[in-house]
Amino acid sequence: MPWNNQNGGGGWKSGGGGGGGGPWGQGPWGQNQGGGSGQQPDLEEILKRGQDRMKQVMRGGGGGGTGIPAPLLFLLSLGVIAAVGFYAFTFTVAPFEKGIVLRFGKVHRTVEPGLHLRWPSPIEEVRKPPVQRQKKVEVGFRSFEGRGSTASRDVAEESLMLTGDENIVDIDFVVLWIIDNAENYLFKLKDPDNTVRVVAESAMREVIGKSKVSDVLAPGREPIELATKETIQEVLNTYEAGVKIQEVKIQQALPPSAVRGAFEDVIAALQDRQRAVNEAQAYANKIEPEARGEAERILQGAQAYKEQTVAEANGQAGRFEKVFEEYKKAPEVTRKRLFLETMERVLSGTDKIILDQSGSGGVVPYLPLNELGKKQGGK
């Protein structure tokens with residue numbers, strides 16, 4: 001900017017009236033004293049007028065009829081120059097941004113949030129992408145504000161997708177992402193935001209094309225979301241897009257409207273089947289421990305019976321051996337004792353009648369032992 005007098009000398013414009021015009025030839029409210037259009041002069045015009053006034057002051061020309069002392073005019077000019085220089089040679093990066101400084105169109109340096117110095121344009125230019133601000137891409141629908149609430153508009157060419165078992169589903173989902181590399185985000189792709197949308201749609205179509213319609217429409221679609229997120233990130237990494245995918249969230253997954261009723265019936269049947277399976281599993285979980293307990297009880301009872309029977313058999317065998325030893329010592333006595341003990345066991349629980357078979361007398365002697373036993377028990 002040449003410092004010469006291009007206005008032909010003179011002091012501040014007074015508009016011919018000399019009635020308290022400002023240093024820029026305007027009234028106190030930005031109106032021209034000469035009744036002009038009221039538009040403020042540009043910065044270059046201001047500096048030209050300032051340099052004229054400064055030269056006049058340096059030559060000792062005084063206030064020139066403006067009513068403002070020359071030293072004050074000089075200080076005001078310095079203030080204007082300082083303000084212009086401050087805004088021309090500095091820039092500010094917000095906390096959620098990262099500054100990329102270009103020198104003659106080439107990346108020169110990267111700066112963090114705060115106040116920084118620079119050369120004025122066109123030597124250096126500053127780009128400030130919002131690296132800490134989360135961005136959202138909508139695929140299959142577009143949301144908009146209307147009548148105090150948020151509404152959405154379906155985009156069928158994005159939402160209709162073909163599954164692996166040759167069914168069509170209508171999917172709406174969002175992709176949340178941030179800028180991971182500011183330089184790549186600015187200069188590797190022409191339209192990064194639209195690229196993320198196109199890649200997200202393509203990745204979701206690939207994942208849905210490998211899935212069954214029952215897996216897509218049923219609850220629990222986290223595997224589909226995770227696979228889509230990984231696919232999007234892989235593709236964007238090959239593009240060096242400087243983008244990091246944070247989350248893929250399916251908003252809704254429905255069959256096409258023409259066959260939605262039939263699909264809902266299928267889903268209801270699948271849910272009924274799952275409920276029946278769950279009930280059967282619950283019954284099995286209940287009855288199986290009971291059956292196992294009963295089987296264990298039977299096994300333990302059989303084991304106890306076995307041990308008891310074996311013990312009794314061993315006892316009887318030992319008793320027989322003792323009796324046999326005594327029999328060898330006194331066979332006659334032992335045989336008689338065994339006979340008497342056997343008859344005692346056999347006759348103890350039967351009705352008995354004793355008859356005298358000696359043949360004496362004409363009447364058979366009769367002894368009612370049972371009646372005698374009852375009478376004795378009655379006493």
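This chain uses plain numbering: 1 for the first residue, then up along the sequence.
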Shortest non-hydrogen contact from [X] toward [Y]:
| X | Y | value |
| --- | --- | --- |
| D191 | N194 | OD2-CB, 3.2 Å |
| D215 | I224 | O-CD1, 4.1 Å |
| K128 | T92 | NZ-O, 3.0 Å |
| A284 | P289 | O-CD, 4.1 Å |
| L217 | A253 | CD2-O, 3.5 Å |
| E97 | V131 | C-CG2, 4.0 Å |

Requested in this report: Quick one: do R292 and E288 satisfy salt bridge (Lys or Arg N to Asp or Glu O under 4.0 Å)? Show the steps, please.
Outcome: CA-CA 6 Å; R292 289 177 179 173; E288 189 173 333; 2.3 Å; yes
Pairwise distance [atom1]([X]) to [atom2]([Y]) - rounded to 0.5 angstrom:
| X | Y | atom1 | atom2 | answer |
| --- | --- | --- | --- | --- |
| I100 | E125 | CD1 | CD | 13.5 Å |
| L254 | I168 | CG | CD1 | 14.0 Å |
| S143 | Q251 | OG | CD | 9.0 Å |
| R221 | L226 | CZ | CG | 15.0 Å |
| I245 | N237 | CD1 | CG | 9.0 Å |
| T334 | K336 | OG1 | NZ | 12.5 Å |

Please indicate whether [X] has more than 12 foreign heavy atoms, meaning atoms of other residues, nucleotides or ligands, lying under 6.0 Å from its [atom1].
| X | atom1 | value |
| --- | --- | --- |
| F187 | CZ | yes |
| Y239 | OH | no |
| L338 | CG | yes |
| K135 | NZ | yes |
| R197 | CZ | yes |

Query - Trace of the side chain to side chain contact (heavy atoms under 4.5 Å, CB included) decision for K98 with E112 - result: CA-CA 6 Å; K98 177 167 287 189; E112 298 299 325; 3.8 Å; yes
Report task. Output, in order, the C-alpha distance, side-chain angles, deciding distance and verdict of salt bridge (Lys or Arg N to Asp or Glu O under 4.0 Å) for E325 and K329. Result -> CA-CA 7 Å; E325 291 177 359; K329 295 178 182 178; 5.9 Å; no
[X]/[Y] ion pair, N-O < 4.0 Å:
| X | Y | value |
| --- | --- | --- |
| K210 | E206 | yes |
| E332 | R335 | yes |
| R153 | E138 | no |

Query raised in the report: Strictly by modelled atom types, are E312 and Q308 linked by a side-chain donor-acceptor pair under 3.5 Å?
Result: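 Yes, a side-chain donor-acceptor pair sits under 3.5 Å.
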Cut-off 3.5 Å, no hydrogens considered: what does the side-chain donor-acceptor table look like for residues 173-184, sequence neighbours left out?
residue : atom : partner : partner atom : Å
N181    : OD1  : E183    : N            : 3.2
N181    : OD1  : N184    : N            : 3.1
E183    : OE2  : T110    : OG1          : 3.3

Query raised in the report: Can you find a pair of side-chain heavy atoms, one from E247 and one from E225, that are under 4.5 Å apart?
Result: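 They are not in side-chain contact.
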Report task. Would you check, one step at a time, whether the test side chain to side chain contact (heavy atoms under 4.5 Å, CB included) holds for E344 with L340? Result -> CA-CA 6 Å; E344 180 181 2; L340 293 176; over 6 Å; no
Query - Stepwise salt bridge (Lys or Arg N to Asp or Glu O under 4.0 Å) check, R205 with E201 - result: CA-CA 6 Å; R205 290 186 183 278; E201 179 186 350; 3.2 Å; yes
Query raised in the report: Could you walk me through whether V323 and E326 pass the side chain to side chain contact (heavy atoms under 4.5 Å, CB included) check?
Result: CA-CA 5 Å; V323 172; E326 296 298 327; 5.7 Å; no
Requested in this report: Report the C-alpha separation of D172 and D154 in whole Å, then their side-chain angles, then the decisive distance to 0.1 Å, and conclude whether the side chain to side chain contact (heavy atoms under 4.5 Å, CB included) test is met.
Outcome: CA-CA 8 Å; D172 296 342; D154 186 59; 3.8 Å; yes
